[in-house]
Structures are given as C-alpha cells and as structure tokens.
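Only one structure is covered here, and it is reproduced in the block below.
Predicted, not measured: the structure shown is a model, and the values here were computed from it. Chain identifiers are assigned alphabetically (A, B, ...) following the order of the sequence lines, protein sequences preceding nucleic acid strands; residue numbering begins at 1 within each chain.
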Amino acid sequence: MKIGYPCVNEAMDCSAANTFRLASYSEERLVAAVTANLACLRRLLEWNVAQGLLFFRMGSGIVPFGSHEINTFPWQQHFGAEFRALGDYIRAHNLRVSFHPDQFVVLNSPSPAIVQRSIEELVYQGSMLDLMELDGTAKLQIHVGGLYGERELAISRFVGVHATLPAAVRARVVVENDDRLFPLRDCLDLHARTGVPVLFDNFHHECLSHGEPMHEALRLAAATWHPIADGVPMLDYSSQAPAERKGKHTTSMVEELFRGFVAELHGLDFDMMLEIKDKEASALRAVAILRELGLAAPAPGGPVPPLALPPGPGTPPKARAKKVVKS
DNA sequence: CTTGGTCAAGTAAGT
DNA sequence: ACTTACTTGACCAAG
C-alpha cells in the first residue's frame, strides 16, 4: 500500500502551481512558470521519497493554460527532456502518480463545446504522463459529471463520450464516486458499460450510497481495476470535519477513524490518497500507522523518528506568510 | 509590503 | 438572480 496526498506540500518552500493571468499571457511567462513548476515537482517527489510517501497527485496547473487555445507554445517538445527525467525518477523509485482534472471536466455535459474542452483538458494532462513515459497505471481521475435531472440519460452520455476518447486518454481515465450526485452504484454501472475502473472515495460513500457496507464497497470497487493494465486500485480517504457542513473534509486526520477504516480493508490492497487539509502532515501520520500495522513498506534505514513536527511557530517560514482566514 | 478582488473552464444547491 | 462549494491558492493592481 502506498500513501499519498494531493498537489500541495505545505512544508515546502516551492510551489508546483506557478501561474499567471490569462490577460498577461506570454510565452516568456509560460516558459518561466513551467520551468519553476517542473523543478519544484522534482524536489517535491524527492521529499516524498525520503518520507516514504510513494503516491502523489500532481496539480493540474503544471503547464498554465495547458488546454487553452491561447497556448500554442510547443511545450511538449520544449520540456520533453524534463518530463522524461521526472518519469525516470518516478519509475526508479516505484512511485505512483495521478492527476485529478478539476470540476470543469464534464464528459457528460449536454453541451458539445463543454465536452470538447473537457476532452482537451484530459488530453493535456494525459500527455504529461505520456511524456513521462509512464504506463497505464498512472491515472486521470474524474467524476461522472452533472445529473441534469435525468440520471440514466446522464450516465448514458458519459458512456457515449467515453467510447470516443483518444485511446491514450481512455487507458488512464478512472471515475470516482462523488458525494452528491453519483454514488458507487452508478460508477459500477459505468464500469460494466465501459470498463472504466472505479476509484473509491470512502468519505463520499459515507455521504452518498445505497447502503453498501464499507468493506463490500471496497471489494466491489477494487474488482473494477485490472491488476496489470490499471495497477493497484487507488482510493481517496478522508473523514468528516467535526461540526462542519456535511461533506467538508477534516482539517487533520482523526486517527481512530483512520484505524477503523483500515480495519475494513481486510487485506485488500490499495494506493491511498489522503484528501485532508493539512496535506503531507496527515499523510505522514498515515504512513507511520500503516508501518506499525505492517501494511506499508518500512523506512529503508529502519524506523526513524518523525521528521515533520506539526506546523507551528518553529516552522520555517514559507516565501510568503500564510494569510489568516477570517471566520 | 500588505490587502482584497478576482481569476479559463461547470453544476447544483442554497439564499 | 446571485452566492457558494467542490480539492484549492495565488496573481496582481492599488493602497
């Protein structure tokens, strides 16, 4: 089992999401941003390896406006060597990586233009994995899309569009159960009709399901992944933020809940993404717990004391102080 | 240097 | 009709 976290490392002094405004687009800005993003991504992966975090969701903004018509720069060629080097590193350390295109990717939209832009975004993100020369186990994780008041029609539109995806994209797309519209059952239906693997999200399942017990849900989702072509099933883990709106992710992993969830696995293997606000901090705690349980590979040099203390006054300042969020 | 409005893109539920 | 929530910050013009 590999443990990961999404996109951002809060302990690190660089960002892999440098961008700029569309209105200030220029090739100079683009090259500068991509150069910085790839360099940071490399450092970030090295940090992860040192910490035993072997799963990572890369951010969608590595190439700003990567699927926008304004961006005609041949970044694939210009940065080909850098992408390839990242891929070499990922394979050399047996890392698992993925992308999660954001909410604007809606394959089942009734609007052909939105579907087209969604496909272009998937092509952009998939092409980064292609440039890294990663196999089909590096995934693009999306949701089913909109409901539009007619569930069966909405699902059928997804099936239709899925069949038209470029093969390179289709080999990577996986669909995640969401917390408001399309629960596990609909995703399993989609799998039956398209072969798309189902990426199970335990917290979404707690918010929206047909009552499948957690272990049964895990078993059903895991069975949709081909062991070779798709790799170890991926899983999103989170839990409810106490005293917050239903569906809000917790700010920090609640150990008792996490241990309870792990007990539901009953030996099923997953690569687990912790969708928790404090990012790598909770992921590191998860690694420690799973090592204790013998479910994650031990540290290469044997057990080590935790390197990362909770963020506090002693934390080295980032390049720019964090803004205080007002209530 | 700090602040606050706003940022490419979609959908649905809430006021 | 407008705001907010997604998984989430960061750009950038103005003070």
Side-chain angles (χ1 to χ4, degrees), chain A residues 4-10 12-26 29-30 32-33 36-37 40 56-71 98-125 140-151 153-154 157-158 161 176-182 199 201-204 207-208 234-241 244-251 273-280 282-283 317-326:
Chain A
Y5 60 98
C7 308
V8 172
N9 181 314
E10 300 194 319
M12 203 108 139
D13 63 0
C14 71
S15 162
N18 291 282
T19 186
F20 48 87
R21 297 298 163 87
L22 179 60
S24 56
Y25 181 92
S26 72
R29 298 286 307 254
L30 181 75
N37 289 341
C40 182
F56 188 63
R57 179 188 299 165
M58 300 182 285
S60 302
I62 292 174
V63 179
F65 310 104
S67 66
H68 193 284
E69 62 181 10
I70 198 174
N71 186 346
S98 65
F99 283 107
H100 190 341
D102 60 27
Q103 66 267 37
F104 308 110
V105 170
V106 185
L107 290 185
N108 74 346
S109 172
S111 156
I114 289 169
V115 172
Q116 187 54 38
R117 284 196 293 273
S118 296
I119 293 172
E120 282 163 10
E121 179 70 12
L122 289 173
V123 167
Y124 148 58
Q125 298 198 25
L140 300 170
Q141 165 183 356
I142 59 175
H143 294 284
V144 180
L147 193 56
Y148 312 100
E150 184 37 77
R151 182 173 306 270
L153 206 54
R157 269 203 310 275
F158 185 106
V161 171
E176 172 191 358
N177 59 305
D178 70 68
D179 60 346
R180 299 179 320 160
L181 304 177
F182 295 100
L199 193 156
D201 183 309
N202 79 301
F203 182 36
H204 291 168
C207 295
L208 181 71
M234 293 178 177
L235 170 73
D236 281 353
Y237 174 83
S238 191
S239 61
Q240 173 69 41
E244 286 277 7
R245 175 189 59 79
K246 179 182 170 186
K248 187 163 175 61
H249 291 219
T250 185
T251 53
M273 180 73 57
L274 270 76
E275 288 194 328
I276 294 183
K277 284 260 189 293
D278 66 3
K279 302 289 179 184
E280 77 285 351
S282 284
K318 303 190 74 159
R320 184 166 179 173
K322 281 222 179 283
K323 198 178 292 185
V324 176
V325 179
K326 287 188 179 171

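- Results of the side chain to side chain donor-acceptor pair (under 3.5 Å) test with A:Glu275 over A:His204, A:Arg57, A:His100 single out A:Arg57 as the only residue that passes.
- Between A:Asp236 atom CG and C:dT8 atom P the separation is 11 Å, expressed in whole Å.
- As a whole-Å value, the separation of A:Gln103 CD from C:dA5 P is 13 Å.
- The CE atom of A:Met234 sits 16 Å away from the C1' atom of C:dT7 (whole-angstrom rounding).
- Close to B:dA12, at under 4.0 Å from its OP1 or OP2, lies no side-chain N or O of A:His143.
- For C:dT7, the base has no donor-acceptor partner in the side chain of A:Arg57 [N/O atoms by modelled type, under 3.5 angstrom].
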Would you write the dot-bracket representation of DNA chain C, where each base gets (, ), [, ], | or . depending on whether it forms a Watson-Crick or G-U pair under 3.5 Å and with which partner? ||||||..|||||||

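- Contact detail for A:Gly4 and A:Ala283: the closest heavy-atom pair is O-CB, 4.1 Å.
- The residue among A:Ala23 and A:Gly149 whose nearest nucleotide of DNA chain B lies closer to the 5′ end is A:Ala23.
- C:dT7 sits 25 Å from B:dT3 when the C1' atoms are compared, rounded to a whole Å.
- Two residues are said to be in side-chain contact when any heavy atoms from C-beta on lie closer than 4.5 Å; A:Leu208 and A:Asn177 fail this criterion.
- The side-chain ring of A:Phe104 is not stacked on the base of B:dG10, judged by centre separation under 5.5 angstrom and plane angle under 30 degrees.
- A residue-by-residue look at A:Glu275 and A:Thr19 shows that A:Glu275 has its nearest nucleotide of DNA chain C further toward the 5' end.
- Listed here is the closest heavy atom pair of A:Val106 and A:Gly145: CG1-CA, 4.0 Å.
- With both ends at atom P, the span from C:dG9 to B:dT11 equals 25 Å, rounded to whole Å.
- OP1 or OP2 of C:dT7 has not a single side-chain nitrogen or oxygen of A:Lys277 nearer than 4.0 Å.
- Distance A:Asp102 CG to C:dG9 C1': 13 Å, rounded to the nearest Å.
- Looking only at distances, no side-chain donor or acceptor of A:Tyr25 sits under 3.5 Å from a matching main-chain atom of A:Phe65.
- Contact check for A:Leu181 versus A:Val144: no side-chain heavy atoms found under the 4.5 Å cut-off.
- Evaluation of the salt bridge (charged side-chain N to carboxylate O under 4.0 Å, His left out) rule for A:Glu121 yields no partner, not counting sequence neighbours.
- Classified by interplanar angle (parallel below 30°, tilted 30° to 60°, perpendicular above 60°), the ring pair A:Phe56/A:Tyr5 is perpendicular.
- One atom, CD1 of A:Ile142, and another, P of B:dG10, lie 16 Å apart when rounded to the nearest Å.
- Rounded to whole angstrom, the span from the CG atom of A:Leu208 across to the C1' atom of C:dA5 amounts to 16 Å.
- The gap from the P atom of C:dC12 to that of C:dT8 amounts to 23 Å, rounded to the nearest Å.
- The gap from the C1' atom of B:dT2 to that of C:dC6 amounts to 29 Å, rounded to the nearest Å.
- The interatomic distance linking A:Phe20 (CZ) with C:dA13 (P) rounds to 14 Å, in whole Å.
- Of the residues in residues 110-124 of chain A, none has a non-hydrogen atom less than 4.0 angstrom from any atom of DNA chain C.
- To the nearest angstrom, P of B:dG14 lies 12 Å from CG of A:Leu181.
- In this structure, A:Arg29 contributes its side chain and A:Arg21 its backbone to no donor-acceptor pair below 3.5 Å.
- For the pair A:Arg29 and C:dC12, the criterion of a side-chain N or O lying under 4.0 Å from OP1 or OP2 is met.
- When atom types are taken as modelled, the side chain of A:Asn202 and the backbone of A:Ser238 share a donor-acceptor pair closer than 3.5 angstrom.
- Across all strands shown, A:Tyr148 has heavy atoms under 4.0 Å from sugar-phosphate atoms exclusively, and none from any base.
- Nucleic acid contact for A:His68: base, since at least one base atom lies under 4.0 Å from a heavy atom of the residue.
- Not one side-chain nitrogen or oxygen of A:Ser67 sits closer than 4.0 Å to the OP1 or OP2 atom of B:dA9.
- With C1' as the reference atom, C:dA1 and B:dA8 are 23 Å apart, rounded to whole Å.
- Side chain of A:Val106, nearest nucleotide from C:dC12, C:dT8, B:dG10: B:dG10.
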